[in-house]
Amino acid sequence: MDEALGFLALQELSIATGYLPLEEAWADARRRLAATLWPAAARGYVDGYGFIGVRMLAARVNVELGLPALQPPEPLPNGAIRFAGMLSELRIWYEDGPIDIWLSILDDFALSDLDKLDFSEALKNARPDHVAPDISFALLGAATFLSRLANLFDIMPAAERPLYGIYFSYWLAKFFGRSFDGGRFKRLPDEPNWPQLFSQSRLIPTDRRADIIGDVAILRATWTATYTLIEKLAAVEERADTREAEKVRARRRKPQPKDAPQRRHYKRSDEPVIEAAAEPAPEPARPRYRPSASAAEAPEEAQAPEPADAEEENEGGPRRGWWQRSFGQ
């Protein structure tokens with residue numbers, strides 16, 4: 001799932017930087033989004049882990065995910081060359097073992113016996129002459145993470161940094177003590193202060209401390225610009241939704257003539273539905289009264305025969321009433 005979503009985020013970055021024209025990526029992006037994110041669990045994974053680029057790509061190619069949309073920015077005119085350099089940097093990332101160990105610690109997903117608490121305590125208290133091999137290996141991965149990302153962002157114009165920062169937003173947020181929750185990156189109060197730990201740890205050689213501090217400063221500036229852009233894109237979409245909702249409410253508030261008939265219409269389930277008033281059923285037409293001829297005036301053949309007595313004589317037997325004749329008694 002991570003690889004499939006990572007490819008979609010990379011596809012969005014290629015469009016945003018002008019490396020891939022939108023008209024050429026349109027059909028393929030829609031097909032991949034539909035094939036990857038049709039299960040609800042997959043869309044929940046996108047929302048839970050903050051795949052901002054995937055949400056931007058879906059909005060760019062008009063695919064509804066059922067998640068808060070992010071209005072994507074217009075593609076940059078001259079960012080294709082730096083995107084190609086970023087692809088080569090990603091290949092190094094995926095082939096670097098120490099970086100994998102450091103990212104597993106940052107994500108609190110242990111690939112070894114070393115976890116986040118142990119590593120942060122080592123950065124605080126460990127002495128350079130008493131460092132366990134797994135601590136040294138994770139420290140190498142963290143230093144490589146900082147230097148490679150800082151070098152990548154340092155050569156970029158300020159306008160391009162947030163776009164690339166969105167691709168790395170999950171790891172940048174983790175490094176600066178934030179996590180994606182409820183559509184926003186929120187600060188985690190119990191998260192280690194990694195920038196301070198790396199800047200002050202005695203495990204960092206003295207001749208490398210200035211480089212580490214400089215790398216952290218570049219990443220902080222990139223993360224600030226990235227976070228600002230994400231909030232801006234979310235606010236644009238929220239304002240668009242608010243304007244549309246205001247238009248709907250204005251149409252509903254439009255005065256109607258008093259004699260206008262009510263019409264059945266449907267609203268959202270959380271609002272009452274106005275039903276048309278039921279019209280009373282018309283009364284059946286009554287036939288005009290016609291006085292019938294009296295028995296005396298009616299002809300003899302038209303007169304009904306006289307009803308039989310309630311009881312009558314039966315030949316050769318006692319008198320039988322109508323109930324006896326009916327029920328055979």
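In what follows, residues are counted from 1 in the order of the sequence shown. These numbers come from a predicted model, not from an experiment.
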Can you tell me how far apart OG1 (T36) and OH (Y45) are? Round to the nearest 0.5 Å. 13.0 Å
Within-4.5 Å side-chain heavy-atom neighbours: S120 and L197: yes
Using a 6.0 Å cut-off, check whether atom CZ of F176 has over 12 heavy atoms from anything other than its own residue. yes
Please give me the minimum heavy-atom distance between A159 and L76, naming the atom from each residue. O-CD1, 4.4 Å
Mind checking whether R82 and Y164 have side chains closer than 4.5 Å, heavy atoms only? yes
Smallest separation among heavy atoms of I101 and A138, with atom names: CG2-CB, 4.1 Å
Between A29 and V61 the two heavy atoms that sit nearest each other are CB-CG1, 4.0 Å
Assert yes or no for the condition that the ring centre distance of Y170 to W223 is strictly below 6.0 Å. no
According to the interplanar angle, ranging from 0 to 90°, do the rings of W194 and F119 count as parallel (below 30°), tilted (30 to 60°) or perpendicular (above 60°)? tilted
So which atom in A25 and which in I15 form the shortest heavy-atom distance, rounded to 0.1 Å? CB-CD1, 3.7 Å
Heavy atoms, side chains only, cut-off 4.5 Å: are L123 and I135 in contact? no
For residues E12 and P72, determine if any side-chain heavy atom of one lies less than 4.5 Å from a side-chain heavy atom of the other. yes
For R202, check salt bridge (charged side-chain N to carboxylate O under 4.0 Å, His left out) against everything at least two apart and list the hits. none
Taking K116 first and then E191, would you say they form a salt bridge - that is, a charged N and a carboxylate O separated by under 4.0 Å? yes
Reported CG-to-CZ distance for the pair L37 and F51, which is rounded to 0.5 angstrom: 10.0 Å
When you group the ILVMFWY residues by side-chain heavy-atom contacts below 4.5 Å and let the links chain together, are F137 and I212 in the same group? yes
Minimum heavy-atom distance D215-A150, with the two atoms named: OD1-CB, 3.5 Å
Counting only N and O atoms by type, is there a donor-acceptor contact under 3.5 Å from the side chain of S201 to the main-chain atoms of F198? no
Are R60 and P73 packed together at the side-chain level, in the sense that at least one heavy-atom pair is separated by less than 4.5 angstrom? yes
Heavy-atom side-chain contact between L13 and I166 under 4.5 Å: no
State plainly whether one hydrophobic cluster holds both L5 and M56, where clusters connect Ile, Leu, Val, Met, Phe, Trp and Tyr through side-chain heavy atoms under 4.5 angstrom apart. yes
State, without any angle test, whether D28 and Q11 hold a side-chain donor-acceptor pair at a distance under 3.5 Å. yes
Crowded around I92 CD1? As in, over 12 foreign heavy atoms under 6.0 Å? yes
Ignoring hydrogens, what is the shortest heavy-atom contact between L229 and P162? Give both atom names and the distance. CD2-CB, 3.5 Å
Determine, step by step, whether D118 and D134 satisfy the side chain to side chain contact (heavy atoms under 4.5 Å, CB included) criterion, reporting the C-alpha distance in whole Å, the side-chain angles of both residues, the deciding distance to 0.1 Å, and the verdict. CA-CA 11 Å; D118 294 337; D134 55 349; over 6 Å; no
Rounded to the nearest 0.5 Å, what separation is found between the CG atom of L33 and the CG atom of L65? 6.5 Å
Grouping I, L, V, M, F, W and Y whenever their side-chain heavy atoms are under 4.5 Å apart, do W26 and V54 come out in a common cluster? yes
Are any of the side-chain heavy atoms of L139 and V131 separated by less than 4.5 Å? no
Reported NZ-to-CH2 distance for the pair K174 and W171, which is rounded to 0.5 angstrom: 8.0 Å
Keeping R161 on the side-chain end and T222 on the backbone end, is there a donor-acceptor pair under 3.5 Å? no
Report yes or no: is the cationic atom of R220 (NZ for Lys, CZ for Arg) under 6.0 Å from the centre of the six-membered ring of F175, at an angle within 45° of the ring normal? no
Run R32 and L57 through side chain to side chain contact (heavy atoms under 4.5 Å, CB included) and show every step you take. CA-CA 11 Å; R32 290 180 182 274; L57 178 64; over 6 Å; no
Within one Ile-Leu-Val-Met-Phe-Trp-Tyr cluster: M1 and L90, side-chain cutoff 4.5 Å: yes
Hey, what do you get for OG1 (T206) to CZ (R208), rounding to the nearest 0.5 Å? 12.0 Å
Go through the steps for E160 and F153 under the test side chain to side chain contact (heavy atoms under 4.5 Å, CB included), then give the verdict. CA-CA 9 Å; E160 295 184 19; F153 292 131; over 6 Å; no
Between F83 and F7, is there shared hydrophobic-cluster membership here, with clusters defined by ILVMFWY side-chain heavy atoms closer than 4.5 Å? no
CG on L172 to CG on L149, rounded to 0.5 Å: 6.0 Å
Taking R209 for the side chain and S199 for the main chain, is one N or O donor matched with an acceptor at less than 3.5 Å? yes
Would you say R55 and V46 make side-chain contact, with heavy atoms under 4.5 Å? yes
